[in-house]
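Along the sequence shown, residues are numbered consecutively beginning with 1.
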Amino acid sequence: MKANLSENIDPANCEKCGGQCCKYFGIWYSDDCDPVVISEAQRIMSLKNIGLYCEIIHEDSNKGFWLRINDVCKFLGKNGKCKIYDSPSRPLLCRLFPYSNSTKTDCPHITKRREP
């Protein structure tokens, strides 16, 4: 199994940043989303245990905001490397990162972006 399936990074560079992508999870909310969907972010932030780790991030170049949940993945080792990087149990979401819309902020080793 190929450890990283993303066309946007050289797999040899993955894990060299100390697992920055494993220290948070972001959900994008477009300004034109249904108000009920946008209110989901407020609800998540009000949850007793999860809300403490959340922040809203507005980026000028985008028309919306990120709900960023700052919580470390349980598979991120103290050495900053994924404990299950080569395992078939590693989630597809992780194996495909960075995505076509990822930036250097998301992954410092991103090599290219796919055209949408």
Results of side-chain contact (heavy atoms from CB on, under 4.5 Å) for [X] - residues two or more places apart only:
X   : answer
L92 : L5, R95, L96
N70 : Y24, E55, R68
P91 : I84, C94
K83 : none

Practice task
Using a 4.5 Å cut-off on heavy atoms from C-beta on, say whether the side chain of C54 contacts that of L67.
Solution key: yes
Handout entry: Any S102 side-chain heavy atom under 4.5 Å of C107 side chain
Key =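 A side-chain contact under 4.5 Å is absent here.
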Problem - Listed partners of K23 passing side chain to side chain donor-acceptor pair (under 3.5 Å), at least two apart - result: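 With sequence neighbours excluded, K23 shows a side chain to side chain donor-acceptor pair (under 3.5 Å) to no residue whatsoever.
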Problem - Interatomic distance, D31 atom CG to K63 atom NZ [nearest 0.5 angstrom] - result: 8.0 Å
Handout entry: Separation of I56 CD1 from W66 CH2 (nearest 0.5 Å)
Key = 12.0 Å
Per-pair distances, 0.1 Å, donor-acceptor, side chain in residues 71-82, under 3.5 Å, sequence neighbours excluded:
from : atom 1 : to  : atom 2 : distance (Å)
N79  : OD1    : K81 : N      : 3.0

Exercise for the section: Would you check if the side chain of S30 reaches a backbone N or O of G64 as a donor-acceptor pair within less than 3.5 Å? Expected result: no
Handout entry: Exam field: side chain Y85 to backbone R90, donor-acceptor pair closer than 3.5 Å
Key =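 Here the side-chain-to-backbone pair does not exist.
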Exercise for the section: Taking all heavy atoms of P98 and all of S6, pick out the closest pair and write down the distance. Expected result: O-OG, 2.5 Å
Exercise for the section: State, to 0.1 Å, how close W28 and F65 come at their nearest heavy-atom pair, and which atoms those are. Expected result: CE3-O, 3.3 Å
Check residues 33-45 and write down every donor-acceptor pair under 3.5 Å in which the side-chain atom is one partner and the other belongs to a residue at least two apart or another chain.
from : atom 1 : to  : atom 2 : distance (Å)
D34  : OD1    : V36 : N      : 2.7
S39  : OG     : V36 : O      : 2.7
E40  : OE1    : Y29 : OH     : 2.6

Exercise for the section: Please say whether more than 12 non-hydrogen atoms of neighbouring residues, nucleotides or ligands are located less than 6.0 Å from CG in L47. Expected result: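 Yes, CG of L47 has more than 12 neighbouring heavy atoms, counting only those of other groups under 6.0 Å.
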